[in-house]
Amino acid sequence: MIKAVRGTRDLLGAELSYKRWIERTAERVLEAAGAREIETPILEEAPVFEKGVGPTSDVVQKEMYALTDKGGRRLVLRPEGTAGVMRAFLEHGMKVRPMPVKLYYRGPMFRAERPQKGRYRQFYQVGYEAVGLAEPAIDAEAIALLLDLLEALGLRRHRLKVGTVGDPEDRRRYNAYLKEALAPYREALSEDSRARLERNPLRILDSKDPRDQAVLEEARIRPLLAFLSPEARDHYRAVIATLRALGVEFEEDARLVRGLDYYVRTAFEVHHPDLGAQAALGGGGRYDGLTALLGGPSLPGVGWAVGTDRVILALKAEGLPAPAEPAPALYLVPLDPPAVAEALALAEALRPRHRVELAYQPRRPGKGIREAERRGARFVGFLGEGERSRGTISVKDLASGEQKELPRAKLGSWLEAL
RNA sequence: GUGAGCGUAGCUCAGGUGGUUAGAGCACCGGUCUGUGGAACCGGGGGUCAUGGGUUCAAGUCCCAUCGCUCACCCCA
């Protein structure tokens, strides 16, 4: 039997109800803040991510689904949302709009990783971007909106971490420092971190390997904060102060590292304790200059993405149920053969204002009631010889057992009056 | 990409040391029940036992490989 490809899955039932609920909530929360939805293609030219996300990032180096089309173009299934949104921003000249331009998106992303809990090869994100202003208040607002979304869904146990990754020059200085400071401990580091020492020493900071953490302790590694330019430090302090003023609960994390190269200054992540190893519900940061990497003018921006699949795991872990599955208001039961077409005609007349389902063959009343119950219907309507001669329908309330006969023409308005 | 555990019906699972025609519960369909309730009882449909190869008189069961799932590493949403 043919099955869904590895790391992808069919969404249906409660799973899809959760996803729709999350997306509808995001729509409400983000539009209230002035964001408009944008939908960009799943397929992008490879350079969008190579230039935007960064050629040395793991996402680009190891995790992109790439293909060459018949015209020889190198295309990829997008591994994240921001680079594509910024490509569209430039392409449509959105820089002439009043700043900041706030956009949100939802949709599937693709990364070729080994699947595990909370990690799929096709996964879903909801993301938010605010482009055009470098003010710390925009960063704080973005972070607050991310929490607004999670809280509107009823989540309580998530934790926000805020930090800074500095400007590119700050990071260069800090990487040079790390390389030098950790060189004497090279042999004590994990194999992975020895490789990182060459390529991206910053990554050693958030290694889970106890050997690495011990080395960081022993080498008395200074935080990135100490290497920030005065401007970057001021920006960070202003973001922190604004968050405090907003009453946002968070924890400062001096070692927060993000995997996408375009991030500068503000960085943040939201974690949830019940997600297993993939604990990040969402994350983001500032990405000033991403537009320049993509070949446009340099513009500031800040944004985030949440993993819809992980939010679903968190909602389940906190015992928050998915919205109820849709159930018919009325289930029509024909009691004899001529009533079948009448039941269908009646259903069609009531739709789409009312959710109406029916049996397609004559049923005995008891069976019709069982069928209606099985579908979660509120009312069952019987159509038989008696009702036909009188032009009526017998409607029974399944909860109370109460039954009444009413003219068919009045059924619609009767349902509406409930 | 690395490691460990696991693959039997739509779902949850039985099937000691190999031995007739592979089972149960739930779910689904029908009947008992031709104008009124969720029960009960009876019956029915449904399986390449993940796939391929091997050992054997005989494989769901033992061996190998592959694929998939799960969890972790890594990475990140």
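Naming: A, B, ... by sequence-line order, numbering from 1 per chain. In what follows, every heavy atom counts, from backbone to side chain, and hydrogens, waters and symmetry copies are set aside.
- Evaluation of the salt bridge (Lys or Arg N to Asp or Glu O under 4.0 Å) test over residues 315-327 of chain A, restricted to residues two or more places apart or in two chains, returns Glu15(A)-Lys316(A).
- For the OP1/OP2 pair of G30(B) and a distance below 4.0 Å, the side-chain nitrogens and oxygens of Arg364(A) include no atom meeting the criterion.
- For Gln116(A) against C75(B), a side-chain-to-base donor-acceptor contact under 3.5 Å is absent.
- Contacts classified as side chain to side chain donor-acceptor pair (under 3.5 Å) and involving residues 1-14 of chain A (residues at least two apart or in different chains) are given here: Arg9(A)-Asp309(A).
- Under the 3.5 Å distance criterion, with hydrogens and angles disregarded, no donor-acceptor pair is assigned to the side chains of Glu23(A) and Tyr104(A).
- Nucleotides C64(B) and U55(B) have their C1' atoms positioned 11 Å apart, rounded to a whole Å.
- Checked by distance alone, Arg119(A) brings no side-chain donor or acceptor within 3.5 Å of a matching partner on the base of C71(B).
- Within the structure, every pair that satisfies the salt bridge (Lys or Arg N to Asp or Glu O under 4.0 Å) test and touches residues 128-140 of chain A, not counting sequence neighbours, is listed here: Asp139(A)-Arg286(A).
- Along RNA chain B, the nucleotide closest to Ser57(A) and the one closest to Gly276(A) are compared, and the more 5′ of them pairs with Gly276(A).
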Taking N or O atoms only and anything under 3.5 Å, show me the protein contacts with nucleotides 67-69 of chain B, one pair per line.
| unit_1 | atom_1 | unit_2 | atom_2 | d |
| --- | --- | --- | --- | --- |
| C69(B) | OP1 | Gly7(A) | N | 3.2 |
| C69(B) | OP2 | Arg6(A) | NE | 2.8 |

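- Side-chain contact check for Asp261(A) and Ser57(A): no donor-acceptor pair (N or O, by modelled atom type) lies under 3.5 Å.
- Residue Tyr124(A) is classed as having no contact, given no heavy-atom separation below 4.0 Å to the nucleic acid.
- Using the six-membered ring where Trp is involved, Tyr177(A) and Phe227(A) have ring planes that are tilted, between 30° and 60° apart.
- Mapping Ala112(A) and Lys117(A) onto RNA chain B by nearest heavy atom places Ala112(A) closer to the 5' end of the strand.
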Convert the base pairs of RNA chain B into dot-bracket notation, remembering that pairs crossing earlier ones are written with [ ] and that bases paired across to another strand are shown as |; include only Watson-Crick or G-U pairs under 3.5 Å.
(((((((..((((.....[...)))).(((((.......))))).....(((((..]....))))))))))))....
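- Within the 4.0 angstrom heavy-atom criterion, base atoms lie near Asp397(A).
- Heavy-atom contacts from other residues, nucleotides or ligands closer than 6.0 Å to CZ of Arg157(A) number more than 12.
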How does each nucleotide of nucleotides 38-43 of chain B score, in 5' to 3' order, for protein heavy atoms under 4.0 Å: base (B), sugar-phosphate only (S), or none (-)?
B-----
